[in-house]
Each structure stands twice: as C-alpha cells, then as structure tokens.
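Some notes on the structure that comes next.
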Amino acid sequence: MSALFCGQVLKADREREELDTERELRRALDNKVLLLYFGSGQCPRCQRFVPLLRDFFYNLTDESRVERPCQLGLVYVSRDQTEQQQSRFLRSMPRRWLALPFGDAFGRELELRFSVSSLPSVVVLKPDGEVLVANAVEEIRQMGPSCFWNWQEAAEILDRNFRLAEDSENYARRSLMDPLRRLKYKVDKDQEEEEEEDKDEEEQ
C-alpha cells in the first residue's frame with residue numbers, strides 16, 4: 001500500500017509529525033485495509049457522517065476498546081478551504097489518522113484515480129492497493145464496524161499475502177531465508193524417500 005504514496009508526504013499525529021521516508025510509509029500503511037476519506041470539515045454532509053467514521057475507526061483500532069487492534073488505516077484527503085480549517089478538523093480526529101498536507105496536488109490525483117465525485121467519500125483499498133469498495137459511506141452508516149470483517153475477508157480471498165502486523169513482523173525476519181529453507185527441506189525429504197525406496201528394492 002505504501003507504493004501508492006511513494007514520494008509523497010503524509011501528516012501524522014494530528015499534523016505533529018511527517019512521514020516521508022519509505023520505511024515510515026511502509027510501517028504506517030502496509031498490510032492494512034486502507035480507507036481514503038475525502039471530505040471537508042465545512043461540508044454539512046461530512047459533518048453528519050464524520051462522527052460515525054471517527055467512532056468506526058476508534059472501535060476497531062483503539063486499544064482501550066478492543067483487545068487486538070484491527071489492521072486498519074485511514075488517510076484524510078482534504079477539501080477544506082484553508083489550512084487552518086484542515087488543522088482544526090484533524091485536531092478533533094483520532095491520532096492515528098493520516099492526512100495529505102493541505103493543498104497537496106496529489107489529493108486531486110487520488111480523486112481522479114478513484115472517481116470521487118461527491119463528499120463525503122470513503123474509498124476502501126485492500127493491502128495491494130486494489131479497490132474493495134468504491135464508496136463505503138452508506139456501508140459504514142448501516143453496518144458500523146462489522147463491515148470491516150467483510151473487507152478483511154475479501155482482502156484475504158483476493159490477496160493471500162494479506163497478513164496481520166504480528167505475522168508481517170515475523171515474516172520480515174525470516175522472509176529472505178524461508179524459501180531456501182523450504183526448498184532444502186523439500187529436497188532433503190525427496191532424497192530420503194528415494195533412498196528408502198532404493199533400500200526396499202535392494203532388500204527385495
């Protein structure tokens with residue numbers, strides 16, 4: 001997923017931090033279902049929807065509410081009129097929300113890429129960047145956090161490489177050697193079976 005934002009800067013922790021290196025972007029975005037929230041703090045429809053989205057996100061990722069936070073990320077793509085309006089809006093949102101810097105032209109590219117034509121819009125992406133839901137606003141309104149499990153299941157079906165963070169960390173530590181180990185194990189096992197077959201034939 002970080003490949004989508006390669007070369008871009010994302011604001012984090014209510015704009016207190018910037019993520020701009022490949023490592024930072026991968027840590028924040030990879031192996032997650034990602035929501036792109038296109039909205040504005042001044043849009044009346046967005047004002048009605050965003051409390052639902054905020055609670056949706058908290059109920060899935062806040063450690064005080066869930067035993068195991070879900071692999072869910074969100075990037076706010078602002079249509080706010082001023083930088084102050086965007087900052088004011090983000091100060092009232094979860095710390096884990098990410099955002100494009102105010103006025104970043106990449107926001108318009110994302111709108112065109114995902115055919116965003118109205119606000120609010122929530123584009124749901126699977127870990128490899130493929131679209132799961134073109135606009136999940138109504139789904140979030142009607143189903144709440146339960147719709148995440150549908151997205152996660154769809155991500156697992158469509159992309160067998162979808163992994164939880166713990167699995168990803170363990171995999172990263174062994175990924176370079178694992179294919180060689182598996183190949184060696186397979187070769188050794190095949191050789192043992194052949195030797196046993198040869199031994200059986202000699203005994204007969």
Side-chain angles (χ1 to χ4, degrees), residues 1-66 69-125 129 131 133-141 144-145 147-148 151 165:
M1 185 67 70
S2 57
L4 178 63
F5 292 92
C6 183
Q8 305 298 320
V9 175
L10 289 177
K11 298 282 189 174
D13 192 14
R14 299 171 180 167
E15 299 189 308
R16 293 186 180 91
E17 299 178 14
E18 286 190 352
L19 309 180
D20 57 2
T21 68
E22 181 181 355
R23 183 177 181 180
E24 289 171 334
L25 291 171
R26 289 184 64 182
R27 185 177 298 165
L29 299 171
D30 281 0
N31 300 311
K32 293 184 179 181
V33 171
L34 183 67
L35 310 182
L36 300 180
Y37 172 50
F38 297 83
S40 166
Q42 291 70 51
C43 162
R45 291 189 304 274
C46 298
Q47 289 172 355
R48 291 191 294 270
F49 171 70
V50 80
L52 298 175
L53 181 62
R54 180 179 54 214
D55 288 346
F56 172 88
F57 190 85
Y58 272 135
N59 287 331
L60 289 166
T61 62
D62 191 331
E63 293 178 358
S64 67
R65 302 190 189 194
V66 290
C70 297
Q71 289 303 104
L72 178 68
L74 184 146
V75 175
Y76 176 50
V77 184
S78 166
R79 285 265 198 91
D80 294 305
Q81 296 178 354
T82 68
E83 188 171 3
Q84 290 73 23
Q85 288 174 348
Q86 175 172 320
S87 296
R88 192 182 313 119
F89 172 76
L90 287 170
R91 281 198 296 272
S92 64
M93 294 299 115
R95 290 181 179 275
R96 293 186 183 183
W97 278 23
L98 305 174
L100 283 176
F102 178 78
D104 193 321
F106 188 58
R108 180 60 180 160
E109 289 184 33
L110 291 173
E111 288 180 8
L112 294 173
R113 180 180 300 192
F114 298 110
S115 303
V116 175
S117 59
S118 63
L119 300 181
S121 284
V122 178
V123 179
V124 184
L125 304 176
V131 175
V133 184
N135 189 355
V137 168
E138 286 306 314
E139 194 171 345
I140 291 171
R141 276 193 180 122
C147 62
F148 173 79
W151 302 341

Could you work out, with side-chain hydrogen bond (donor to acceptor under 3.5 Å, both in side chains) as the rule, every residue matching Glu15, not counting sequence neighbours?
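Scan of Glu15 (side-chain hydrogen bond (donor to acceptor under 3.5 Å, both in side chains), adjacent residues dropped) gives Gln86, Ser87.
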
Quick one: does any side-chain atom of [X] pair with a main-chain N or O of [Y] as donor and acceptor, under 3.5 Å?
X     : Y     : value
Arg14 : Met93 : yes
Asp20 : Val9  : no
Arg79 : Phe38 : no

Measure the spacing between CD of Gln71 and OG1 of Thr61 and express it to the nearest 0.5 Å.
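So the CD of Gln71 and the OG1 of Thr61 are separated by 10.5 Å.
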
Distance from Leu10 atom CG to Glu17 atom CD, nearest 0.5 Å?
12.0 Å

More than 12 heavy atoms from other groups under 6.0 Å of CD on Glu22
no

Enclosure of Arg26 CZ (heavy-atom neighbours >12, cutoff 6.0 Å):
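Atom CZ in Arg26 is not crowded, with 12 or fewer foreign heavy atoms closer than 6.0 Å.
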
Close side-chain approach of [X] to [Y], heavy-atom, < 4.5 Å:
X     : Y     : result
Leu35 : Phe56 : yes
Pro94 : Arg54 : yes
Gln42 : Asp80 : yes
Gln85 : Arg88 : yes

Which atom pair, heavy atoms only, marks the closest approach of Pro120 to Val137?
O-CG2, 3.5 Å

Nearest heavy-atom neighbours spanning Asn59 and Arg65
OD1-NH1, 2.9 Å

Who are the side-chain contact (heavy atoms from CB on, under 4.5 Å) partners of Ser117, not counting sequence neighbours?
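With neighbours one apart ignored, the set is empty.
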
Passes salt bridge (charged side-chain N to carboxylate O under 4.0 Å, His left out), Lys11 versus Glu18? Steps please.
CA-CA 5 Å; Lys11 298 282 189 174; Glu18 286 190 352; 3.0 Å; yes

Centre-to-centre under 6.0 Å for Tyr76 and Phe89, is that the case here?
yes

Taking the six-membered ring for Trp and the full ring for Phe, Tyr or His, determine whether the centres of Phe106 and Phe5 are under 6.0 Å apart.
yes

Could you note down all residue pairs passing side-chain hydrogen bond (donor to acceptor under 3.5 Å, both in side chains) where residues 97-110 supplies at least one of them, sequence neighbours left out?
Arg108-Glu111

Is the shortest distance from a Lys or Arg side-chain nitrogen in Glu63 or Arg95 to a carboxylate oxygen in the other one below 4.0 Å?
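So Glu63 does not pair with Arg95 through a salt bridge.
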
